[in-house]
Structures are given as C-alpha cells and as structure tokens.
Protein chains: 2
Amino acid sequence: MSITREKIIELGEDLIRTKGYNAFSYQDISSELGIKNAAIHYYFPSKENLGTSIVKTNIQRFEEMTDNMRSRGFDEWHQLETFIKIYTKSHREQKRCIVGSLGPDIPSLSDNTVSELKRMSNIILEWLTNTLATGREKGIFAFKEDPQIKALLILSSLIASLQLARLIDKIEYKSFCNAILEDLRI
Amino acid sequence: MSITREKIIELGEDLIRTKGYNAFSYQDISSELGIKNAAIHYYFPSKENLGTSIVKTNIQRFEEMTDNMRSRGFDEWHQLETFIKIYTKSHREQKRCIVGSLGPDIPSLSDNTVSELKRMSNIILEWLTNTLATGREKGIFAFKEDPQIKALLILSSLIASLQLARLIDKIEYKSFCNAILEDLRI
DNA sequence: TTGCAAACTTACTTAGTAGTAAGTATATTT
DNA sequence: AAATATACTTACTACTAAGTAAGTTTGCAA
C-alpha cells in the first residue's frame, strides 16, 4: 500500500476526531502533507471514500485488539480495563473516538459511510455486551441490569465524557473511568 | 420581541440539533421561513450571534424549568425523572440536545458561543450534582460514587445515548432511561 | 529504447458559504 | 404632513469547498 495513502487516512482520522467531518477539508490534509489537493482525490475520489476508509481502518484495528486479547487469554476484567484505556488515551490526546466524532454528522455522511459506522458501533457494542455477560457468569463482574443495557450505559458514558471534557475543565477523567470499573466490582 | 427573530432561533436550534452547526446554513433557515438570507443577518449579523443566542435561550429555559420544579416542591426523585424526560422527548423527536450537538463543533465555534456553551454545561452539571447529593442525604437516592462523578456519568449517558440511537436501532430507549433511574433506587 | 502505468501537479469548474451595501415598503413618532 | 425607525429585499462580494480533466515526472518492464 502507498505511504501517502496511509498518511492521508491517518491525518484524516485525526482531523475527524479533533475538528469533525464537516469542519475539515482536503486543504487541511494537502497542506499538512505537502501535496496538492488533487493528490488526495487520486486516492479518494470523493470525501465519502475517505470517510468510509477511515471507519473501515478503525473497525479492523478494534477487531485486531479484541482478537489479540482473547488469544492472549485476558480475563474479562482485564479486557474491559484495556478497552477503557483507549478512551483515557484519547482524553489525554484531546481527541474523541471515531463513533463519537462521526455520529453527530450522520445527516451529512454518505450511505456507505453511515453503514460502516453502524457496523462499527454494533461490533463494539456486541463485544462489550458479550464481555459483560461472560464476565458476570464467571463471577468477575456484578451488575443487575441487562448486559446490553449495561453495555450501552458504559459505552455512552465513555463516548460523551470525551466530549464533555472540552466543556467542563474540572473533570477528573481517571476517577471517572475508575468509577465505571468500580461499579462492576463484586 | 420580533416574531421572525423568534422563528429564526427556534428553527436554528432545530437545525443544530438535527444536522449540526457546521452542516446548516442561513439558506436552510431563509428558505424554510420564506424570507431572504439577508433578513437573518439583520437579526444576527453573523452565525456566531445566532449560535450564542440559541445557547442563551436554552440556558434560560433550563433555569426556568429547575426554578419551577423547586417552587412546586418536587422531591429529588421527581426532579430527576422530569429532567430525564427531556431526553426521552428528544429521542422521540430524533433530536440531540444542544450540548451534545454543539460540543463536537467547538473548534469551529466562536469564543462567545463556546463560553456560553461551557456555562450551560456547568449549570446543568451543577444542578444534577446538587440534586443527587441532596437526594442522597434525604435518603431518596442510593449510590456510592462522589455526586459529581455520578452526575457526570448520568449526563454522559443521556447525551451520548441520543447519538447512539441513530447508530444502533435496537436501542430500547425507555429501558435505558429506566436503568439510570433504577440504579439510584434504595 | 520505447511503452506504460503509478503517482502525482497544474489549472480549472461548479456550487455553496457567510457576509455586506444600498435600497424600499410600512408603521410609528413628532 | 414630515421625519424616522423597523423590517426587511435586491443584488452583490469574497471566499472556500469538493471535484475534474489534462498534462508531467518517474520507475519499471518488454
């Protein structure tokens, strides 16, 4: 694969996660990479191709992570801890997650991008639901709600807190994430 | 106050909550209201003025609601229930809340709009923190976390779930909101 | 060495954006 | 009746966006 193509995807993801899909332009990418606007169109004929590719890359990354955790025999607590670390890292870097960034812009996304984004959300939610359910069966987690509802509660908290962090300065992000985990302790 | 001005604010809020700040234009408003583009500039010289006014209107509305609940002697459970109803209503109407809509677009908002948005977030969070703390003292709510952390968890869940609702169809929004309330039951 | 494909650049179009200056009709005040 | 303010419209500017067509360089293969 071309190095320029990879750089465009990487920078595009960054821009989506900081400025948002509608707020960034091909200009932002071309000037940063020292190439011309049309060079981006060479790899991604339209902005929707770029958007879709970025989401697909993220799905792949997420699946690699969960596969990796499973093959390394992480228990459910450890898996959830690792998952939450993605968000603390994003918070440190002042970025949001892809789902939280593209979600608000759904009305201006193409059908292809939206369907990939839906696929991604469902993959994450299914993994989380599964991890919670299995963890509770094994006696690792304790919670009274339905696993899917609980998964949704946790995912919502993580996504929105990255956004709220920009609005409310006094957020202690670590305590926040800790509270999510501690809430599940037996 | 002018009726056109009020209509512009109302429609503007709607557009922000459905399409997003960067995705709507003065054209969207003018064509819908049957006026010319420049008429909007007459009331709101720049888009930032409109944005700021919309946030201010929302702050006022929120404060009227909480004042009203207090003066009518609602207990904390009833107050929280009423607050959550704002989100179930938004969900029914397929809209997000103002904080959840403008939050993602902070990098493209003016300083004035951002500071009003921060003020709004803090007012909501302070009210929620306060309600949770008082409710727990009175023995109405049960939770182990710090009230501010708990408030943040609840607010994040409510905000993000409106966004996720567009991505994950099988969300049972009522059960979701119910889970938030039930989690606080003694 | 010629041919060809990959990876671009140059130079452009089209469409939409916020914003403005100047004019006009209507109602209100003096 | 004259002056003035309100609430707009007309007609524009300046700019930025995505996207495209055609040309250029570079490396490799026949």
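Order of the sequence lines fixes the chain letters, A, B, ..., with proteins taken first and strands second; residue numbering starts at 1 for each chain.
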Given protein heavy atoms under 4.0 Å, the one-letter contact record of nucleotides 3-8 of chain D, with B base, S sugar-phosphate only and - none, is simply ---SBB

Taking the six-membered ring of B/F141 (Phe, Tyr or Trp), confirm whether the NZ or CZ of B/R185 is under 6.0 Å from its centre and within 45° of its axis.
no

Does the ring of A/Y26 carry A/K36 above it, NZ/CZ under 6.0 angstrom from centre and within 45° of its axis?
no

With a 3.5 Å distance limit and no angle check, can you tell me whether [X] reaches the backbone of [Y] through a side-chain donor-acceptor pair?
{"X": "B/R17", "Y": "B/R96", "result": "yes"}
{"X": "A/D28", "Y": "A/F24", "result": "no"}
{"X": "B/T113", "Y": "B/L109", "result": "no"}

Quickly work out the [X] [atom1] to [N] [atom2] distance and round it to whole Å.
{"X": "A/Y26", "N": "C/dT14", "atom1": "OH", "atom2": "P", "answer": "20 Å"}
{"X": "A/I29", "N": "D/dA17", "atom1": "CD1", "atom2": "P", "answer": "12 Å"}
{"X": "B/N37", "N": "D/dT10", "atom1": "CG", "atom2": "P", "answer": "12 Å"}
{"X": "A/E48", "N": "D/dA18", "atom1": "CD", "atom2": "P", "answer": "13 Å"}
{"X": "A/I8", "N": "C/dA7", "atom1": "CD1", "atom2": "P", "answer": "11 Å"}
{"X": "A/H41", "N": "C/dT14", "atom1": "NE2", "atom2": "P", "answer": "16 Å"}
{"X": "A/I40", "N": "C/dT9", "atom1": "CD1", "atom2": "C1'", "answer": "13 Å"}
{"X": "B/N49", "N": "C/dG19", "atom1": "CG", "atom2": "C1'", "answer": "12 Å"}

Please name all residues satisfying ring-ring contact (aromatic ring centres under 6.0 Å, His included) with A/F44, sequence neighbours left out, ordered by chain then number.
none

Flag for B/Y173-B/T88: side-chain donor and acceptor within less than 3.5 Å
no

Is a side-chain donor-acceptor pair under 3.5 Å present for B/S108 with B/D105?
no

Heavy atom of residues 14-23 of chain B under 4.0 Å from DNA chain C: which residues?
none

How are the rings of B/F74 and B/H78 set to each other: parallel, tilted or perpendicular (split at 30° and 60°)?
parallel

Would you classify A/F44 as touching base, sugar-phosphate or nothing, given that sugar-phosphate means primed atoms plus P, OP1 and OP2, and contacts are heavy atoms under 4.0 Å?
nothing

Is there a side-chain contact between B/S25 and the phosphate of C/dT17, meaning an N or O under 4.0 Å from OP1 or OP2?
yes

